[in-house]
Each structure stands twice: as structure tokens, then as C-alpha cells.
Enquirer: 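Have a look at this one before I ask anything.
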There are 2 protein chains.
Amino acid sequence: MARANEENRRKPVTLSDVARAAGVSQATASRAINGSQRTVNEELRQRIFTAAEKLNYTANLSAQTVARGTSTTVALLVSDIADAYFSSMAASVMTAAEAAGLRVTIAVTERSVQREIELVRELRGQHARAIILAGSGYLDSDLTEPLVRELEMFEDMGGRVVLVSRMDLPFAGVDLDNLEGAKRLASALVRLGYQSFRVLGGERELVATRDRVAGFRAGLDGHGITLGDDRVIYSNFSWEGGFDAIQAMDDRVLADTGLIFAVNDEMALGALAGLRNRGMRVPGDVALAGFDDIRSLRNIVPTMTTVRVPIEEVGREAIARALEVGDGHQPRVVTAIVVLRESTPRLN
Amino acid sequence: MARANEENRRKPVTLSDVARAAGVSQATASRAINGSQRTVNEELRQRIFTAAEKLNYTANLSAQTVARGTSTTVALLVSDIADAYFSSMAASVMTAAEAAGLRVTIAVTERSVQREIELVRELRGQHARAIILAGSGYLDSDLTEPLVRELEMFEDMGGRVVLVSRMDLPFAGVDLDNLEGAKRLASALVRLGYQSFRVLGGERELVATRDRVAGFRAGLDGHGITLGDDRVIYSNFSWEGGFDAIQAMDDRVLADTGLIFAVNDEMALGALAGLRNRGMRVPGDVALAGFDDIRSLRNIVPTMTTVRVPIEEVGREAIARALEVGDGHQPRVVTAIVVLRESTPRLN
DNA sequence: AGAAGGGTGGAATTCGCTTTCCGAAATCGG
DNA sequence: CCGATTTCGGAAAGCGAATTCCACCCTTCT
């Protein structure tokens, strides 16, 4: 197969090729094919389309972007695309984007603010239409200040910034009511009869950790139960984090625990593995609850109590906000609902 | 916050702004910042970089693409990004791409050839450097012929096509030895004492289905066991497919089955749920094996026997092939290894 | 009938950047 | 010390498409 050697690569057909073939000017061809304000004579249109078809013309997106000065690409920044939560979100964002005629490029931040900054910078160069920044934010403002600056420059350029579930920065976004969700979960669990809780948090600096822990604490407070600081164990916001945290727990502490709330499902799953590894039965010896309701929960036994984040809606809303104009920074809040399952049975 | 209204958007700083600020020509600035063949005087370099820094310059990627005629973007086409297998692959591809200085854009084909064709066409317009086409191919050549044509045009344009685990088309690629993997699995299972098998296939037209089923059958053959056509049940290549196939199975058929091999893990997980739903115990009543070794297997009990696909390696190889020049269509074969776990215990 | 106006095609400019192509200065060789 | 070669900055010509501006023609109204 001697196709496409470096030398004999046929150079792609351009708009002017099409125009020439159709016997019209480039301007007319452009107007016909991409439909501008101006109309073009029906017969010419036909000729142009026929020519385009015959030549197999496809518009050069980069050239269009340069000429128009704006692109139709939105960038989605996630911590880790292999994470079930983010990959579901990516799927929903892509579906919504598709419907809106937008392209999506995904980039991975590896949970590093530094990397986020680099990526935003690069995206400014790509003239992306919007940046959807998912993944939990950081509480440390020294850390995020340069990110904010970079994002502001992105907006200055005409781009739009949409935060997902991390309203720690002054931009538009769609927010999960982490606080309320966790609060209601706590409340529901108390009503099931649980009294002794431990919380598995992700990194301390994460907004999601803070909010979910705070919400859970508030929920318990409402029932007169105090969640001491010593009852919150911080590790990583991931499966391994959950697993390791359990491994590191003292036997007596574990024995004294009625229910473990992991601030996200991945951690809860890690914790589940960790508990089993230690010979504990769930929910027999200890009950377990998570947050997010990721898809892979459907595979486990016992079914797991969690707080469902309507991920489809999040994706849709994120794209909607990306397309909005104006400066509204009021986050659109998506409500999370408590889903009680077998991992937290009612106590007699 | 009155930043970035549509009207007062500061237009982005361009290379010529930088050049002017540094008191050099645009050509020199370009050479300094993007390093061409030619060198530029160290002092000027400094001046230019300082200016760029001060102005917060970022190169306009689209403009670069237009000017250079080639881009640094590779496209990854997957069936469904929310699928654990594909999201892991995406992660590994992105990591490898990052290391090679490439950008990745992900697009979702929704398991439709039509959609694949559209996407390839669009990517031709984007002048992507390469297209990595993952997700199982189709056996029906009437279906794939237009896809091949589109891909050939993409290559004619200078792009590179890399197939992953679907060497059904005449392009470079990285291939999983589905056949060998399934064959060895079958062999291992027979040695564990299993005799009565059922296979859960995905769509009949999928290359992956065909190869894995054929491999499994060949493996059994080697031990004198024949897998009749009636023992292969085709449904969808997804969790739901596995679940539904089990639901639809006749009680007596199920009772007569020693082991179910699902051609991928998602299906196996669906099958597991389906079996439990029918009150069957795994591996007590029936043993179960899958293929891929996706990450979420670590969450389930019993641990599941599967064939591990080294997804990191696949991603790395895919990017490597995307960067290769020349016409080699010999696929780089990645070997899958059998992993026996609790879902298929040794019999008696 | 003639002026005003709407519709429509085309030439030329523009977008931001890369890359020839030139020419001047610097370096080298004998 | 002078011609030959190399080095390096800048002017200008692209890259592919959008768009402005101009010219022309055909209506339409008076």
C-alpha cells in the first residue's frame, strides 16, 4: 500500500478548490457552505455543494477558528478520566455538547493545581469557547490565586469559565449541594438508628471534603450527635485513599464504629475492600455509606447507601452555562438525593 | 464583576504584539518562542521572552496549525467514555500523548459506524495528526467500506490511522490477541475441572465477540470439548447485555451450565447481577469469567477470573504507532494474560 | 423614465503565525 | 587583507477561511 507517504501526500482540498470547481468565487463558496448572513443563489448553491461533495471537501476547522476569531471547542478539565465519577460526567458533558454543536476536548489535571494552571494557559492559546473545570477545588487560596488569574485572562479573551462542584472561585458554575446532601444523609442514618460514626475524608484541602464533612456533621448535630474531629480521617479522595485509611485504623477504633461515611463512592469502595481485607463484614460489623452514586455501585453486594448526584443533569447544566453570556456568577445548584440501600440497614 | 463583557473583551495579545514590545520583527519572535531550525541571538531571545511574559502571551494554536499545515492533536474515538474499559484506555492514551507533546481530543461513537464516519470526516477538517480508533470493529464489510474510504482520505491528507483491538481494517494498529487470550482461558478453565460452558457474546457483528468466542471455542476444542452454537448467546457488549442475557436464559439451561464466559468484564458484571437476581450463587451454582480485567473488578466479591488486557501498554503503543511514519500495517500485538480468581474455583 | 434600493457575486483584506527569501554583518580561509 | 561562506534579522509571501467593501443588476416607486 503506497498510500500517504510523506512525500506524495495529496494536499487537502480547500475552499478555493471547491470554488474553482464550481466556477464561483471563494467568497461565494464560503457563504454557501457555511451559511453566513448573506444568501446565495439557489443554482450556485447547488453547483457549490455538488463540487464540494465530489472533491470531498471538509472545512479546515483551524482556519475557520483563526478567521472567525472564536472556536466551537469547549474544554473539560477533570482530575482523572479513569475515575468513574469523572468519566460519567465526561459522557454527559459530551452528549450535551454534541447537541449544542460543540466539540469537547478533555484534559486531565491529575489533581494538581499547577497542572490546572498550565492547561488553562494552553487553552487560552487554543481559544477554547469555554473551560469546564470539574474536580474538587482547593481551600488554600495561595494555591488557587494564580489559577484564578489565569482563568480571568481566559475570560478576558472572551472565553467562559464554568466550575463544576467547586464554587471556591469567582466564576459561573453548577454546584452540587454537597452540604445539604451530606446533611440529609446523616439525618437519614440517625433515623435508621446509627449512633457511632466515622468519616473518611479525602484530602483536607479539597472543597468537596470540607463541604461533605461539614454537611454530615451538621446533620448529626441536628440530632444532638457531635462528630468530633478525631472521628474524621483524612486520606486521598480515591479508592486507594479509602482502602488505606481503613488499613491504618486501629482495631479498637474500628470496633467502636457503627457506620463509616466515605465522602465519595470510590473511597467507600476502597473502604469496603479494606474492611473485607480485615475480616469485617458490611453491614454486619460496620455499616458503610458513600457519595455520588457512581455506576459501578450496581456491581457490589451489599448494595450501597449513597447520595446520588444527577450526573446527567450536571453535564447538561455545565454546557448550558458554558453557552450563556453575561457575567452571572450565581451557581446553578443541582440537588443530590439520599439513596438508602443494604449497606446501612435499619437497626432493629 | 464587569470583566469580559461581549463588548469590552480585550483582544488577545498576538505574536506581533510581543515582537513590537521586544523591538524585533515578528519573524524573529516566532523563531525565538517556538524554536525553529534557526537560532536567534541570546540577548534578543531574552528580550522576547521577557516581553512575552509581561504580556502573558500564549500562541494561538489554530493559527499555528494553519500556518504549519499540521497539528499536534490526536483524536481518540471510543464507543462510550463512561465504560470502564474505554475510560482506562483514554487515561493511558492521554498519559502517553502528554509525554509525546500531543493533545488528545476524545469523541464518542456510540457504537455506530455511521457516527464513526462522520467523526473521521470532521477530524479530517481538524487536520488531526492521527486518529486512534478503539472499540470493536464490525464484521460486515458493507458497513465498514465507507469508513475505510473516509479513513483512507484521512491518511491521504497526511494523518495517521491507528486501530486498537480491531484489526478488521487495513491500517496500522495495536492488536490484542483476543483469540489467544480466550483460548488460554478456556484451557485453564478445563484444567480446573469445568466441562459445561456457556458463552455470553456481545453483538454478533463485533470483531471482539467473534475472536473471543472463536478463541474460547478453540481452547475447548484442544481438550476435546465442543462448544455448540447453541451454547453461545449473543446480546449487547455491555453491562445491560450481560444482565439481560441472563434474565432471558431458561432455568434448565442455566442449571445445566457449569461456567459462563462473558466476552468482556462489563458483561460479566451484568451477568453477575443477573445471576444474583435469579437467586443463583457465584461460584456456588455457576462459575463466571470475563475478559479485560477492568479496574472495577476489584470491588466485587467473589473476585473474578478474567483475561487481563494491559491497558497501559495499549495506550502507549497506540500513541507510538500514531507517531510512526511509513506504511507498516503490521499490528503490534499486545498479549493478554489469564488471571484465575475466586469466581472459578478448582472443582472438587 | 429615472432615481432609490435591495439582492447578490467577487476582489481584496484580514486573522495569527510560519517560513521562504534577501541582504547585511560576521567569520573564515589562504 | 580580501573574497567566500556562514549567521542571523527582517520583509513579505503564504496557510485556509471569513468578511468587508465595491460593483452590478434587477425591482420598485414616483
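Chain letters run A, B, ... following the sequence lines, proteins first, then strands; residues in each count from 1.
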Enquirer: Could you tell me how far apart B:L61 (CG) and C:dT18 (C1') are, to the nearest whole angstrom?
Expert: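 For the pair B:L61 CG and C:dT18 C1', the rounded distance is 14 Å.
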Enquirer: Which atoms form the tightest heavy-atom contact between B:A107 and A:M94, and what is the distance?
Expert: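 Closest approach of B:A107 to A:M94: CA-CE, 3.8 Å.
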Enquirer: For A:V104, is there any backbone N or O sitting under 3.5 Å from a side-chain donor or acceptor partner on A:T73?
Expert: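 Such a contact is absent between A:T73 side chain and A:V104 backbone.
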Enquirer: Checking side-chain contact (heavy atoms from CB on, under 4.5 Å) for the pair A:V207/A:Y138: CA distance, chi angles, key distance, verdict?
Expert: CA-CA 6 Å; A:V207 177; A:Y138 296 84; 5.9 Å; no
Enquirer: Can any side-chain N or O of A:S30 pair as donor or acceptor with the backbone N or O of A:Q26 at less than 3.5 Å?
Expert: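 Checked: no pair found.
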Enquirer: State plainly whether the residues A:R45 and A:E42 are in salt-bridge range, i.e. N to O under 4.0 Å.
Expert: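 Salt bridge: yes.
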Enquirer: Reading DNA chain D in the 5' to 3' direction, which nucleotide is the first one with an atom under 4.0 Å from a heavy atom of chain B, and which is the last?
Expert: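 Going 5' to 3' along DNA chain D, contacts run D:dC8 to D:dC15.
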Enquirer: If the helix axis at each end comes from five base pairs, how far does the helix from C:dA1-D:dT30 to C:dG30-D:dC1 deviate from straight, to 10°?
Expert: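 Answer rounded to 10°: the end axes differ by 30°.
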Enquirer: Show the numbers, then the answer: is there a side-chain contact (heavy atoms from CB on, under 4.5 Å) between A:E116 and A:V113?
Expert: CA-CA 5 Å; A:E116 283 179 344; A:V113 181; 4.3 Å; yes
Enquirer: Over how many whole Å does the gap from B:Q37 atom CD to C:dT18 atom P extend?
Expert: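 Rounded to the whole Å, the gap is 13 Å.
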Enquirer: With sequence neighbours excluded, give me every salt bridge (Lys or Arg N to Asp or Glu O under 4.0 Å) pair touching residues 96-110 of chain B.
Expert: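 Sorted pair list: A:R115-B:E98, A:E122-B:R103, B:E110-B:R115.
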Enquirer: Locate the shortest heavy-atom distance separating A:L119 from A:V108; write the atom from each residue and the value.
Expert: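 Taking A:L119 first and A:V108 second, the nearest heavy atoms are CD1-O, 3.7 Å.
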Enquirer: Do the side chain of B:T144 and the main chain of B:L147 share a donor and acceptor less than 3.5 angstrom apart?
Expert: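 Not confirmed, B:T144 side chain does not pair with B:L147 backbone.
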Enquirer: Go through residues 20-32 of chain B and report each residue with a non-hydrogen atom lying under 4.0 Å from DNA chain C, sorted by number.
Expert: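 Nucleic-acid contacts, sorted: B:Q26, B:A27, B:S30, B:R31.
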Enquirer: Under 4.0 Å between a Lys/Arg side-chain N and an Asp/Glu carboxylate O for B:R321 and B:E317?
Expert: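 Looking at B:E317 together with B:R321, the answer is no, because their closest N to O distance does not fall below 4.0 Å.
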Enquirer: Atom pairs, N/O to N/O, protein against nucleotides 22-27 of chain C, distance under 3.5 Å?
Expert:
none

Enquirer: Would B:F171 and B:E152 satisfy side-chain contact (heavy atoms from CB on, under 4.5 Å), going step by step from the backbone distance to the final call?
Expert: CA-CA 9 Å; B:F171 298 95; B:E152 280 175 348; 4.0 Å; yes
Enquirer: For the residue pair B:P12 and B:D17, what are the closest heavy atoms and their distance?
Expert: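 Taking every non-hydrogen atom into account, O-OD2, 4.1 Å.
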Enquirer: Please confirm whether the shortest side-chain N or O distance from B:Q64 to OP1 or OP2 of C:dT18 is below 4.0 Å.
Expert: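 Result: yes.
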Enquirer: For A:V18 versus A:I48, what's the shortest heavy-atom pair and its separation?
Expert: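 Taking A:V18 first and A:I48 second, the nearest heavy atoms are CG1-O, 3.8 Å.
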Enquirer: Return yes if some donor-acceptor pair links the side-chain N/O of A:S92 with the main-chain N/O of A:I311 below 3.5 Å, else return no.
Expert: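 Such a contact is found between A:S92 side chain and A:I311 backbone.
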Enquirer: Output the residues of residues 40-58 of chain B in contact with DNA chain D, where contact means a heavy atom of the residue under 4.0 Å from an atom of the strand; sort by number or write none.
Expert: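 By residue number: B:V40, B:N41, B:L44.
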Enquirer: What nucleic acid atoms does B:T39 come within less than 4.0 Å of, heavy atoms only: base, sugar-phosphate, or nothing?
Expert: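 The answer is sugar-phosphate, as B:T39 gets under 4.0 Å only of primed atoms, P, OP1 or OP2.
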Enquirer: Using atom CG of B:L15 as one end and atom P of C:dT19 as the other, report the distance to the nearest whole Å.
Expert: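 From B:L15 CG to C:dT19 P: 12 Å.
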Enquirer: Check whether B:R129 reaches the backbone of B:L102 with its side chain - one donor and one acceptor, N or O, closer than 3.5 Å.
Expert: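 Absent.
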